[in-house]
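Below: one structure, written as structure tokens.
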Amino acid sequence: LEVEQLIKKIESEPQRIDGYTLHKRIGGGAFAHVFEATVDRFGNIKGALKLPANQEAIRDIKTRQVVLSALGKCPFSTNLMGEGNYNGLPYVVEVFREHTLDDVIKQNNLMGSLPKYEGVVELGKSLLTGLDYFHRVGETNPDAARRIGLEVLTHCDIKPSNIMITKDTKTGKAIHEFTDFGIRMEDVPGANPSIINSASLDSIVTGDSTLNKNIYAAPEVRQALLF
């Protein structure tokens with residue numbers, strides 16, 4: 001209810017939350033509302049402020065706080081700019097990115113064009129490099145693994161709209177960053193989800209959870225059920 005009222009107010013004029021000014025709602029789904037915001041002390045620095053869409057989503061926002069804070073300046077994920085509470089609801093602010101992979105796919109479809117083979121290969125390499133980093137976070141970022149409580153970080157909701165696109169300022173090459181971590185992370189061999197164990201494995205794989213569907217369950221999660 002608090003967030004719905006905030007959305008209505010933003011339609012009339014920008015609203016402030018702590019040190020951020022919210023200009024408009026730019027997206028969201030069953031679990032979060034996403035707002036384009038600017039950092040008041042810097043003026044022109046944009047962020048994506050995310051608030052839970054309902055009471056059930058509060059836990060997942062808190063999980064994002066833990067994950068993004070622990071990952072720090074990770075080159076394969078959107079970086080955390082800030083976090084806080086709005087009338088008792090937790091929020092996170094991530095570095096703002098204009099486009100997602102979903103935007104690019106839709107644009108190509110509208111233009112009736114297909115991506116070049118080389119571009120698809122480079123995209124695959126970029127995404128797999130990032131996933132390998134997260135799946136071996138105990139090796140690639142031991143401090144993050146310790147803070148999160150997991151040796152293996154599994155995204156579990158990989159889709160084009162959760163892959164942000166920016167450019168390397170030196171090379172001009174596209175950089176792909178994963179966002180919206182923590183929807184579901186579970187115990188896998190070698191892991192210790194003492195901090196963010198957010199749902200039972202059965203609810204993930206059978207799709208009983210309202211925040212994650214069976215079709216998005218990661219292969220590692222499905223495999224864990226079989227063995």
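The model shown is predicted, which means the values in this text are computed figures rather than measured ones. Worth knowing before you read on, the calculation uses all heavy atoms, side chains too, and leaves out hydrogens, waters and symmetry mates.
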Donor-acceptor pair, side chain of [X] and main chain of [Y], under 3.5 angstrom:
{"X": "N79", "Y": "G72", "answer": "yes"}
{"X": "E13", "Y": "E11", "answer": "no"}
{"X": "N162", "Y": "D157", "answer": "yes"}

Which value, rounded to the nearest 0.5 Å, describes the distance between [X] atom [atom1] and [Y] atom [atom2]?
{"X": "H176", "Y": "K125", "atom1": "NE2", "atom2": "NZ", "value": "13.5 Å"}
{"X": "E2", "Y": "L89", "atom1": "CD", "atom2": "CG", "value": "7.0 Å"}
{"X": "I148", "Y": "L68", "atom1": "CD1", "atom2": "CG", "value": "9.0 Å"}
{"X": "L80", "Y": "K73", "atom1": "CG", "atom2": "NZ", "value": "8.5 Å"}
{"X": "L49", "Y": "Y86", "atom1": "CG", "atom2": "OH", "value": "10.5 Å"}
{"X": "I10", "Y": "Q15", "atom1": "CD1", "atom2": "CD", "value": "6.0 Å"}

In terms of hydrophobic clustering (I, L, V, M, F, W, Y; side-chain heavy atoms under 4.5 Å; direct or indirect links), are [X] and [Y] co-clustered?
{"X": "M164", "Y": "V67", "value": "no"}
{"X": "Y117", "Y": "L127", "value": "no"}
{"X": "I26", "Y": "V39", "value": "no"}
{"X": "L123", "Y": "Y133", "value": "yes"}
{"X": "M81", "Y": "I175", "value": "no"}

Tell me whether the rings of F76 and F134 are parallel (<30°), tilted (30 to 60°) or perpendicular (>60°).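 Perpendicular.
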Min side-chain heavy-atom separation [X]-[Y] under 4.5 Å:
{"X": "K50", "Y": "T179", "value": "yes"}
{"X": "I17", "Y": "L6", "value": "yes"}
{"X": "I165", "Y": "L101", "value": "yes"}

With sequence neighbours left out, write down each residue that passes salt bridge (charged side-chain N to carboxylate O under 4.0 Å, His left out) with E139, or none if nothing qualifies.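 For E139 the salt bridge (charged side-chain N to carboxylate O under 4.0 Å, His left out) partners, ignoring immediate neighbours, are R136.
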Yes or no on side-chain contact (heavy atoms from CB on, under 4.5 Å) for F178 and T78, after CA distance, side-chain angles and deciding distance? CA-CA 6 Å; F178 290 90; T78 51; over 6 Å; no
Can you check side-chain contact (heavy atoms from CB on, under 4.5 Å) on K62 and Q65, steps first, answer last? CA-CA 5 Å; K62 290 182 177 179; Q65 290 176 327; 4.0 Å; yes
Which atom names give the shortest non-hydrogen contact between [X] and [Y], and what distance separates them?
{"X": "V93", "Y": "G47", "result": "CG1-CA, 4.1 Å"}
{"X": "V3", "Y": "P52", "result": "CG2-O, 3.7 Å"}
{"X": "V137", "Y": "E151", "result": "CG1-O, 3.4 Å"}
{"X": "S77", "Y": "L71", "result": "OG-CD1, 3.8 Å"}
{"X": "A145", "Y": "G138", "result": "CB-CA, 3.7 Å"}

Inter- and intrachain pairs under salt bridge (charged side-chain N to carboxylate O under 4.0 Å, His left out), touching residues 96-105, at least two apart: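 Pairs touching residues 96-105 that pass the test: K46-E98, R97-E177, D102-K106.
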Is there a side-chain contact (heavy atoms from CB on, under 4.5 Å) between T38 and F96 once you walk through the steps? CA-CA 9 Å; T38 49; F96 184 84; over 6 Å; no
Taking it one step at a time, do D18 and Y91 satisfy side-chain contact (heavy atoms from CB on, under 4.5 Å)? CA-CA 11 Å; D18 298 332; Y91 68 80; 2.4 Å; yes
